[in-house]
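Because only heavy atoms are used, hydrogens play no part in the values below, and waters and symmetry mates are left out as well, while side chains stay in. Naming convention: chains lettered A, B, ... in sequence-line order (proteins, then strands); numbering from 1 in each chain. This is a predicted model, so every value here is computed, not measured.
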There are 2 protein chains.
Amino acid sequence: MHPCDNANMRVLHHPSRRNLDLTAVLHALSDPVRLLIVQRLVSEGAKPCGTFGLPVAKSTASHHFRVLRESGIIRMQPEGTQYINSLRRDDLDACFPGLLESILMAAGPL
Amino acid sequence: MHPCDNANMRVLHHPSRRNLDLTAVLHALSDPVRLLIVQRLVSEGAKPCGTFGLPVAKSTASHHFRVLRESGIIRMQPEGTQYINSLRRDDLDACFPGLLESILMAAGPL
DNA sequence: CCTTTTGTTCGTAATTTATCGAACAATGGA
DNA sequence: TCCATTGTTCGATAAATTACGAACAAAAGG
């Protein structure tokens, strides 16, 4: 069968732009570990989960990436054995103008 | 004794401006009831707890006002038998420029 | 005093959250 | 085919959150 027909591809749910929820986004960013992930994505660009050196276990990190993904803050694209994480800045800015910007400023440098 | 020396006045703890914590503020605003309280304070000005008509029990409302107060988002001033709630907009804008503004915009009209 | 008003505090219960280790699954390379 | 890498999922636990009603406390006014 054609590669694109493969239903076994690791596909994760990402909310569409118009389904982003403000309280879900605020809640996602109210955790220090998740806020750190977002800051690192801003300063270092898209990168896989394993390259963040987070101060939590692998399974806990997986949980935090999922919360960020399901709130629409990040995108997770399968790439070989890993997932490339990137900020959904366009979608966030479209739904909540200035929000991410002000939070990043308030969070201060890395 | 002088009225101002009275230690029995209902005094509540309010964090100072320089002790405001971003994650605490985001967490406080990530609850729909608390976000509603803040929206109402913006559109209707300072007012007592009992005038919000919140969809929760009195004790639950008290809890939400406390979370808002302890995160530095609102001020609660004793006034007779009630507390006058007001937004600490100056302090919020000083610590987190643009944050409240963007959240209020994203939250939409009342 | 006694009562009313306003809001807090207490005790409890249900839900969610953050955390971990162990086991599992998918990919890609030797 | 086997193995190493990457990250998810499962099961368990401890803590935090939201919620309620009942009881309490302070203030104002009769």
Side-chain angles (χ1 to χ4, degrees), chain A residues 3-14 21 23-37 40-41 46-71 73-86, chain B residues 3-14 21 23-37 40-41 46-71 73-86:
Chain A
C4 294
D5 294 351
N6 190 346
N8 278 352
M9 283 192 61
R10 289 169 299 166
V11 62
L12 300 135
H13 178 66
H14 291 76
D21 176 54
T23 57
V25 167
L26 294 178
H27 174 253
L29 295 176
S30 73
D31 179 274
V33 173
R34 292 191 292 259
L35 186 55
L36 176 60
I37 291 173
R40 301 282 301 278
L41 283 179
K47 47 188 286 198
C49 305
T51 65
F52 286 82
L54 298 174
V56 293
K58 195 168 52 160
S59 54
T60 302
S62 182
H63 160 70
H64 286 306
F65 281 104
R66 173 156 60 159
V67 172
L68 288 171
R69 172 174 53 78
E70 290 181 339
S71 66
I73 295 174
I74 67 171
R75 193 183 349 259
M76 298 179 72
Q77 298 166 293
E79 194 85 18
T81 72
Q82 50 196 16
Y83 285 99
I84 305 298
N85 302 282
S86 58
Chain B
C4 293
D5 294 350
N6 189 345
N8 278 350
M9 284 192 62
R10 289 169 300 164
V11 63
L12 300 140
H13 177 66
H14 291 76
D21 176 55
T23 58
V25 168
L26 294 178
H27 173 254
L29 295 176
S30 72
D31 179 274
V33 173
R34 293 192 291 259
L35 187 54
L36 176 60
I37 292 174
R40 300 282 300 280
L41 284 177
K47 48 189 280 192
C49 305
T51 65
F52 286 83
L54 298 174
V56 292
K58 195 168 52 161
S59 54
T60 303
S62 182
H63 158 71
H64 286 306
F65 281 105
R66 173 156 59 159
V67 172
L68 287 171
R69 172 176 51 79
E70 291 182 338
S71 66
I73 295 174
I74 68 171
R75 190 181 354 256
M76 298 178 73
Q77 297 166 293
E79 195 84 18
T81 72
Q82 49 196 16
Y83 285 98
I84 306 296
N85 302 283
S86 57

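Between C:dT19 and A:His64, a contact under 4.0 Å exists linking OP1 or OP2 to a side-chain N or O. Close to D:dT6, at under 4.0 Å from its OP1 or OP2, lies no side-chain N or O of A:Arg10.
Rounded to a whole Å, the CD atom of B:Glu70 is 15 Å from the C1' atom of D:dT18. Here the C1' atom of nucleotide C:dT19 and the CG atom of A:Asp31 are 11 Å apart, to the nearest Å. Nucleotide D:dC20 holds its C1' atom 12 Å from the NE2 atom of B:His63, rounded to whole Å. Taking atom CZ on B:Arg66 and atom P on D:dA16, their separation rounds to 14 Å, with Å as the unit. In this structure, B:Phe65 atom CZ and D:dA19 atom C1' are separated by 16 Å, rounded to whole Å. If you measure from atom CG of A:Leu54 to atom P of D:dT8, you get 12 Å, rounded to the nearest angstrom. For the pair A:Tyr83 OH and C:dA26 C1', the interatomic distance rounds to 8 Å; values are reported in whole Å. The interatomic distance linking B:His13 (NE2) with C:dT9 (P) rounds to 14 Å, in whole Å.
Ranking C:dG7, C:dT27, C:dG21 by closeness to the B:Cys49 side chain, first place goes to C:dG7. Distance from the side chain of B:Thr60 is smallest to D:dC20 among D:dC20, C:dG7, D:dT17. Residue A:Thr81 has its side chain nearest to C:dT27 when only C:dG21, C:dT27, D:dT9 are considered. With C:dG21, D:dA23, D:dT8 as the choices, the nucleotide that has an atom nearest any side-chain atom of B:Lys58 turns out to be D:dA23. Side-chain proximity of A:Val56 to D:dT8, D:dC20, C:dC20: nearest is C:dC20. Side chain of A:Ser62, nearest nucleotide from D:dA19, C:dC20, D:dT9: D:dT9.
Within 6.0 Å of CZ on A:Arg75 lie more than 12 heavy atoms contributed by other residues, nucleotides or ligands.
Atoms CD1 and CD1, on B:Ile84 and B:Ile74 in that order, are 11.5 Å from each other to the nearest 0.5 Å.
By the 6.0 Å and 45° rule, A:Arg10 stacks over the aromatic ring of A:Tyr83.
Along DNA chain D, the nucleotide nearest B:Gly80 and the nucleotide nearest A:Arg69 are compared for position; the residue whose nucleotide lies closer to the 5' end is A:Arg69.
When each of A:Asn85, A:Leu41, A:Ile37 is paired with A:Leu68, the side chain to side chain contact (heavy atoms under 4.5 Å, CB included) condition holds for A:Ile37 and for no other.
Between B:Leu12 and B:Arg69 the shortest side-chain heavy-atom distance falls below 4.5 Å.
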